[in-house]
Trainee: 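Mind looking over this structure? Questions follow.
Quantities reported herein were computed from a predicted structural model and do not represent experimental measurements. Start at 1 and go down the list; that is how both ligands and their atoms are numbered.
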Amino acid sequence: MSKPRTPARAVVLVSGSGTNLQALIDASADESYGLQIVAVGADRDGIEGLARADRAGIPTFVKQVKHFADRDAWDTSLRRAVEGFEPDLVVLAGFMKLVSPAFLERFLTVNTHPALSPSFPGMHGPADALAYGVKVTGATLFVVDAGVDTGAIIDQVVVRVEPDDDVETLHERIKVAERAMLVDNVGRIAREGISVTGRDVRFGA
Ligand code: GAR
């Protein structure tokens with residue numbers, strides 16, 4: 001991506017509690033961070049992620065798959081809604097839907113996943129890591145491609161699995177590290193731009 005505007009404009013998509021979104025909202029309050037969250041979108045209503053956006057005065061929109069004839073119609077509507085905010089970057093922050101190749105062609109899209117890719121892709125990263133018995137796991141920030149959590153890796157952070165962890169304690173500990181990684185890297189993308197060549201990801205336009 002060429003060097004974004006200052007501040008760079010981001011649309012953040014969420015499906016849940018939105019603590020990663022909140023970390024980005026808090027970071028963006030400092031002008032030197034270089035990011036403006038211009039909208040928050042969701043695939044469901046009544047979630048804390050949307051409430052966080054409301055409290056921060058950020059416009060929101062909701063696109064629920066069940067309100068559309070099919071998945072393509074949903075994706076087109078999502079794309080148009082995002083397009084209306086003219087983002088330089090789309091951040092999936094706990095967004096539990098896959099977006100289409102057409103969406104990805106249109107927007108530089110990054111996603112954060114609570115596992116160390118390429119291990120444990122999908123919706124249950126912390127549970128799958130725990131069940132496998134790994135001793136370290138973590139989080140991965142990547143440029144979204146057509147696969148499930150397969151895109152080029154921007155950054156990763158390692159978290160130890162403790163003997164008494166259950167899915168909740170492990171995921172909560174991952175999320176602490178994940179939020180810090182997300183904030184660091186999204187800020188760099190906003191300020192410096194990013195270039196992606198195959199699986200090689202570098203900051204700078
Ligand atoms: C985060 O851990 C994120 O990595 C995960 O959902 C959580 C959202 O937390 N996403 C996925 O598992 C996507 N495959 P939050 O709503 O508190 O930011």
Trainee: To the nearest 0.5 angstrom, please state how far the NZ atom of Lys175 sits from the CG atom of Leu170.
Mentor: 12.0 Å
Trainee: Decide whether the shortest distance between a heavy atom of Val14 and an atom of ligand 1 is less than 4.0 Å.
Mentor: no
Trainee: Using non-hydrogen atoms of the residue, decide whether Gly18 is closer than 4.0 angstrom to ligand 1.
Mentor: yes
Trainee: If only atom types and distance count, is the side chain of Arg173 paired as donor or acceptor with the main-chain N or O of Arg160 below 3.5 Å?
Mentor: yes
Trainee: Look at ligand 1 and say whether His171 reaches it with a heavy atom at a distance under 4.0 Å.
Mentor: yes
Trainee: Just to confirm my output: which protein heavy-atom neighbour is closest to atom 13 (C) of ligand 1, and how far is it?
Mentor: Met96 SD, 3.7 Å
Trainee: Could you state the interatomic distance from CZ (Phe95) to OG1 (Thr109), rounded to the nearest 0.5 Å?
Mentor: 10.5 Å
Trainee: Tell me which protein heavy atom sits closest to atom 4 (O) of ligand 1, plus the residue, atom name and distance to 0.1 Å.
Mentor: Glu178 OE2, 2.3 Å
Trainee: I need the atoms of ligand 1 closer than 4.0 Å to a non-hydrogen atom of Thr112, numbered in the order shown.
Mentor: 3 (C), 4 (O), 10 (N)
Trainee: Give me the atom names and distance for the closest heavy-atom approach of Thr140 to Leu116.
Mentor: OG1-CA, 3.5 Å
Trainee: Side chain, backbone, both or neither: which part of His113 comes within less than 4.0 Å of ligand 1 when only heavy atoms are counted?
Mentor: both
Trainee: What protein heavy atom is closest to atom 9 (O) of ligand 1, reported as residue, atom name and distance in Å?
Mentor: Lys175 NZ, 3.2 Å
Trainee: Does Arg71 come within less than 4.0 Å of Asp75, counting only side-chain N to carboxylate O?
Mentor: no
Trainee: Answer yes when Arg202 and Asp200 have at least one side-chain N-carboxylate O distance shorter than 4.0 Å, and no when they do not.
Mentor: yes
Trainee: Which atoms from ligand 1 have a heavy atom of Gly94 less than 4.0 Å away?
Mentor: 6 (O), 8 (C), 10 (N)
Trainee: Touching ligand 1 at all, Arg179? Heavy atoms, strictly under 4.0 Å?
Mentor: no
Trainee: Identify whether the distance between the nearest side-chain nitrogen and carboxylate oxygen of Asp43 and Lys63 falls below 4.0 Å.
Mentor: no
Trainee: Give the ring-plane orientation class for Phe61 versus Phe85, where under 30° counts as parallel, over 60° as perpendicular and anything between as tilted.
Mentor: parallel
Trainee: Heavy-atom contact under 4.0 Å between Gly122 and ligand 1?
Mentor: yes
Trainee: When you measure from atom 12 (O) of ligand 1 to every protein heavy atom, which one gives the shortest distance, and what is it?
Mentor: Pro114 CD, 3.3 Å
